[in-house]
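The next block holds one structure in the form of structure tokens; read it before the comments.
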Amino acid sequence: MCAPDGPREERPVPRSHRTRTPPPVPPIRHALSITRDADFAQWYQEVITEAEMAEESGVRGCMVIKPWGYGIWERIQRTMDDRIKAAGVDNCYFPLFIPLSYFAKEAEHVDGFAKEMAVVTHHRLIADGTGSLVPDPEAELEEPLIVRPTSETVIGAAMARWVQSWRDLPLLTNQWANVVRWEMRTRMFLRTSEFLWQEGHTAHADRDDAMTETLRALEMYREFSHDVLAMPVIAGEKPENERFPGAVATYSIEAMMQDGKALQAGTSHYLGTGFAEAAGITYQSREGEETLCHTTSWGVSTRLIGGVIMTHGDDDGLRVPPAIAPHQIAIIPMLRDDEGDAAILDYCEELRRDLAGLTALGEPLRVLLDKREGKATQKRWAWVKKGMPIILEIGARDVSGGNVSVIRRDRLWREDGKTDFTVMTRDAFVAAAAAELEDIQRSLHDEALARRDANIRRDIADLDGLAAFYGEDVHYPGWVELLWARPTGTELEEVVARLKDLKLTIRNTPLVDGQVEGTCVFTGRPAVERIYVARSY
RNA sequence: CGGGACGUGGCGCAGUCUGGUAGCGCACUCGCUUUGGGAGCGAGGGGUCGCCAGUUCGAAUCUGGCCGUCCCGACCA
């Protein structure tokens with residue numbers, strides 16, 4: 001397990017030299033049956049199931065996103081959309097189906113996606129005589145339609161119509177949509193056949209302007225990931241072998257999961273003039289010359305939710321950063337089916353109202369009074385597994401004392417292995433609630449950042465050292481920062497192949513990078529930049 | 001797409017080898033007791049055993065095909 005870590009499952013062993021032997025600490029009874037340490041992949045599946053985020057749909061690689069998972073996505077959408085709009089980008093919607101001929105115009109692009117495209121070839125079904133329906137041979141489409149795996153081509157066709165003059169530039173568009181990629185191996189949220197995302201597409205007069213937009217989007221993602229998802233990332237440029245098909249340069253944000261693997265959490269591409277050429281996106285310059293546009297594209301997807309799970313989850317389930325929690329505080333009344341219940345509910349409702357009037361992280365607090373029938377303890381553990389940032393339990397004693405019982409999801413256990421309840425006055429809690437949520441947001445971020453930095457090795461100077469670090473017996477190794485000479489072509493292919501033997505990939509070259517002095521680990525030549533290598537999702 | 005494992009009430013599983021009344025735990029419903037830190041006891045409800053064929057008097061069980069899931073690999077903005 002990457003260290004340092006969240007709440008500890010292993011606690012100090014009682015010291016025998018003390019005169020009075022402390023009572024043995026009972027093991028924590030975690031809400032999940034599988035720990036991260038025992039089997040990270042199984043743990044990940046269990047979090048998704050137990051937090052009721054998503055489930056199998058019966059369609060290969062496609063998932064049903066349930067209210068808690070979708071609620072998180074809606075929060076991501078809303079907060080990201082604010083940033084996109086603030087940058088002057090307008091939302092549009094483009095068709096799900098793309099004529100194959102559009103796609104075929106950009107050679108590298110079609111090569112990159114050909115093996116994973118869903119294709120529509122017929123528009124009608126017909127009875128086959130045995131009670132089943134089959135595509136009607138009479139109804140074959142003249143030109144197959146592909147289900148969009150990404151929309152550069154169809155948006156490019158629109159841009160070609162929309163851009164005539166230098167006055168039309170820059171053209172800044174975005175769409176929130178679903179896309180389909182027929183992946184060989186799927187994983188909930190991380191790689192599904194269908195996924196939800198936003199894709200920004202922009203056209204510019206020249207390279208500089210397009211590159212500025214590419215890097216603006218990347219910085220938007222980096223800031224979003226840190227400030228909203230509490231997920232630290234490294235923003236940088238992908239090596240040429242990892243470029244988006246058809247791109248001139250691809251940039252990414254890379255996050256470290258708790259098993260040490262890297263997750264590409266967002267990408268931004270400078271597409272040069274290739275797509276503009278394929279789609280005919282040209283403008284007349286001030287000088288009257290017909291000129292090709294430079295285009296960009298950038299996106300983040302529901303994969304971010306997988307990143308949040310693997311960044312913040314613990315052995316009791318998910319921990320949702322307050323900024324993206326559909327609800328930030330759950331109030332659980334402890335009812336006893338007697339005449340005292342009405343007073344408890346009144347007390348809870350008034351508390352809910354007072355909290356909902358507050359502002360935290362720049363928005364009104366999202367508070368849920370969980371009045372559903374059922375046992376308070378069961379509701380509590382259900383919210384723990386979902387990762388509700390703060391859980392309040394209100395019983396008759398709290399009502400008469402003017403108190404609340406508070407659980408902070410990010411600090412669930414006390415030293416003695418018991419659930420950490422804090423009883424405080426209602427008024428004190430209301431006064432502190434907003435700051436408390438902001439503190440949870442910050443502390444989840446700091447915990448993730450500390451873990452990431454503790455798991456990046458910077459002192460490996462040769463390939464043997466690299467092989468040792470990623471040896472068979474190493475449990476969840478992190479990343480390695482290396483110096484290299486940025487080889488290209490076949491020389492790069494050799495490097496990639498050598499890394500592949502260790503199941504490693506080059507993640508990116510960090511953007512903010514000072515002077516580099518040293519020797520390339522792969523070629524022995526003077527190094528020109530830093531790279532991160534890691535195992536990845 | 002290759003190798004492996006798997007698919008049986010909502011969830012987790014046994015039963016399959018050796019064909020013969022569909023089982024268990026949790027969850028759910030009802031009742032009683034309990035009641036501030038993941039309650040106990042009792043009584044119930046719920047399943048065309050992934051789908052389609054085949055063998056058979058009889059299939060969860062045997063055979064074939066298909067669909068889906070997980071792990072490893074290949075592939076993968």
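Predicted model only: the values in this text are computed from it and were never measured.
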* What integer distance in Å separates A:E194:CD from B:G68:P? -> 15 Å
* To do: For A:I34 and B:C11, give me the distance from atom CD1 to atom P, rounded to whole Å.
  => 16 Å
* Asked: For the side chain of A:H269, counting heavy atoms from C-beta on, which of B:C70, B:A77, B:G68 is nearest?
  -> B:A77
* To do: Dump the intermediate steps for side chain to side chain contact (heavy atoms under 4.5 Å, CB included) on A:S405 and A:D398, then the final yes or no.
  => CA-CA 7 Å; A:S405 296; A:D398 296 306; 3.5 Å; yes
* Please answer whether the main-chain N or O of A:I234 pairs with a side-chain N or O of A:N508 as donor and acceptor at a distance below 3.5 Å. => yes
* Structure fact -> Across all chains, not counting sequence neighbours, the salt bridge (charged side-chain N to carboxylate O under 4.0 Å, His left out) partners of A:D420 are none
* When all nucleic acid strands are considered with a 4.0 Å heavy-atom cut-off, which category describes A:S252: base, sugar-phosphate, or nothing? -> nothing
* Structure fact -> On RNA chain B, more 5' by nearest nucleotide between A:F113 and A:V423 is A:V423
* Look through every strand shown and name the nucleotide pairing with B:G58 as Watson-Crick or G-U wobble, where both distances are under 3.5 Å. => none
* Closest to the A:M184 side chain, choosing from B:A74, B:A39, B:A77 -> B:A74
* Asked: When the distance from OH of A:Y44 to C1' of B:U69 is rounded to whole Å, what number comes out?
  -> 15 Å
* Touch class at under 4.0 angstrom, heavy-atom based, for A:G58 against every strand present -> sugar-phosphate
* Which base, if any, makes a Watson-Crick or G-U wobble pair with B:A5, both distances under 3.5 Å? -> B:U69
* Scan A:R303 against the nucleic acid and name what it touches under 4.0 Å (heavy atoms): base, sugar-phosphate only, or nothing. => nothing
* Quick one: label A:P149 by what it contacts on the DNA or RNA (base, sugar-phosphate, nothing), any heavy atom closer than 4.0 Å. => nothing
* Could you measure between the two C1' atoms, the one in B:U56 and the one in B:U18, and give it in whole Å? => 16 Å
* Asked: Is a donor-acceptor pair below 3.5 Å formed from side chain A:Q264 to base B:A77, judging by atom type as modelled?
  -> yes
* Between B:G42 and B:C24, how far is it from one P atom to the other, in whole Å? -> 14 Å
* To do: Tell whether A:R181 reaches the base of B:A77 with its side chain through a donor-acceptor pair below 3.5 angstrom.
  => yes
* Could you give the distance separating B:G44 and B:A59 at their C1' atoms, to the nearest angstrom? => 30 Å
* What is the distance, rounded to the nearest whole Å, between atom CD of A:E254 and atom P of B:A77? -> 13 Å
* So what's B:C32 paired with, Watson-Crick or G-U wobble, going by both distances under 3.5 Å? -> B:G40
* Asked: Can A:R216 be said to sit on top of A:W298's aromatic six-ring, NZ or CZ under 6.0 Å from centre and within 45° of the ring axis?
  -> yes
* To do: For A:A396, answer base if it contacts any base atom (sugar-phosphate contacts may also be present), sugar-phosphate if it contacts only those atoms, and nothing otherwise; contact means non-hydrogen atoms under 4.0 Å.
  => base
* Asked: How many Å lie between CD on A:E56 and P on B:C6, as a whole number?
  -> 19 Å
* Rounded interatomic separation in angstrom, taking CZ from A:R372 and P from B:C28 -> 12 Å
* When you measure from the side chain of A:K375, which nucleotide among B:C70, B:A39, B:A77 comes out closest? -> B:A39
* **Base-pairing assignment for B:G45 (Watson-Crick or G-U wobble, both under 3.5 Å)** => none
* Audit row: A:M388, A:I329, side chain to side chain contact (heavy atoms under 4.5 Å, CB included) steps and yes/no -> CA-CA 7 Å; A:M388 180 68 74; A:I329 300 178; 5.6 Å; no
* Check every strand shown and say whether A:W197 touches a base, only sugar-phosphate, or nothing at a heavy-atom separation below 4.0 Å. => base
* **Nearest-neighbour nucleotide for the A:T186 side chain, B:C70, B:C71, B:U35 considered** => B:C70
* To do: Please give the nucleotide sitting opposite B:A77 as a Watson-Crick or G-U wobble pair, both distances under 3.5 Å, or none.
  => none
* What interatomic distance, in whole Å, is found between P of B:G45 and the corresponding atom of B:G40? -> 23 Å
* With A:R207 as the cation and A:Y270 as the aromatic partner, state whether NZ or CZ is under 6.0 Å from the six-membered ring centre and within 45° of the axis. => yes
* Structure fact -> Closest of B:U35, B:C70, B:G73 to the A:K503 side chain is B:G73
* When you measure from the side chain of A:E116, which nucleotide among B:C70, B:C71, B:C76 comes out closest? -> B:C76
* Could you tell me whether A:R60 contacts a base, only the sugar-phosphate backbone, or nothing, with contacts defined as non-hydrogen atoms closer than 4.0 Å? => sugar-phosphate
* Asked: Ignoring hydrogens and angles, are the base of B:G12 and the side chain of A:S33 linked by a donor-acceptor pair under 3.5 Å?
  -> no
* Watson-Crick/G-U partner (both atom distances under 3.5 Å) of B:G23 -> B:C13
* To do: Determine the Euclidean distance between corresponding C1' atoms of B:C57 and B:C62; express it in Å to zero decimal places.
  => 16 Å
* Asked: Mind checking the P distance from B:C76 to B:G64? Whole angstroms is fine.
  -> 34 Å
* Asked: What nucleic acid atoms does A:S297 come within less than 4.0 Å of, heavy atoms only: base, sugar-phosphate, or nothing?
  -> nothing
* Looking across every strand, which nucleic acid part, if any, lies under 4.0 Å from A:G61 by heavy atom: base, sugar-phosphate, or nothing? -> sugar-phosphate
* **Distance in angstrom units between A:L190 CG and B:A77 C1', rounded** => 15 Å
* Asked: Mind checking the P distance from B:C11 to B:U69? Whole angstroms is fine.
  -> 15 Å
* Using a heavy-atom cut-off of under 4.0 Å over every strand shown, decide if A:K500 touches base, sugar-phosphate, or nothing. => sugar-phosphate
* Charged tip of A:K386 within 45° of A:W383 ring normal and under 6.0 Å -> yes
* Counting side-chain heavy atoms from CB outward, which of B:C28, B:C72, B:C70 is closest to A:Q378? -> B:C28
* Check every strand shown and say whether A:A31 touches a base, only sugar-phosphate, or nothing at a heavy-atom separation below 4.0 Å. => base
* Write down the partner of B:A53 under the Watson-Crick or G-U wobble criteria, each distance required to be under 3.5 Å. => B:U63
* Do the numbers put A:K105 on top of the ring of A:F103, so that NZ or CZ is under 6.0 Å from the six-membered ring centre and no more than 45° off the axis? -> no
* Structure fact -> In A:R36, A:R409, A:R411, the residue satisfying salt bridge (charged side-chain N to carboxylate O under 4.0 Å, His left out) with A:D314 is A:R409
* Asked: Taking the nucleotide of RNA chain B with the closest heavy atom to each, which residue, A:L335 or A:F195, is nearer the 5' end?
  -> A:L335
* Asked: Which of the following nucleotides, B:U69, B:C71, B:C76, is nearest to the side chain of A:R191?
  -> B:C76
* **From B:A74, B:A39, B:A77, nucleotide with atom closest to A:T377 side chain** => B:A39
* Asked: How many Å lie between CZ on A:F40 and P on B:C70, as a whole number?
  -> 16 Å
* To do: With the side chain of A:R185 defined as its heavy atoms from C-beta on, choose the nearest nucleotide among B:A77, B:C72, B:G36.
  => B:C72
* **Integer angstrom distance from the C1' of B:G23 to that of B:A14** => 7 Å
* With sequence neighbours left out, write down each residue that passes side chain to side chain donor-acceptor pair (under 3.5 Å) with A:Y251, or none if nothing qualifies. => none
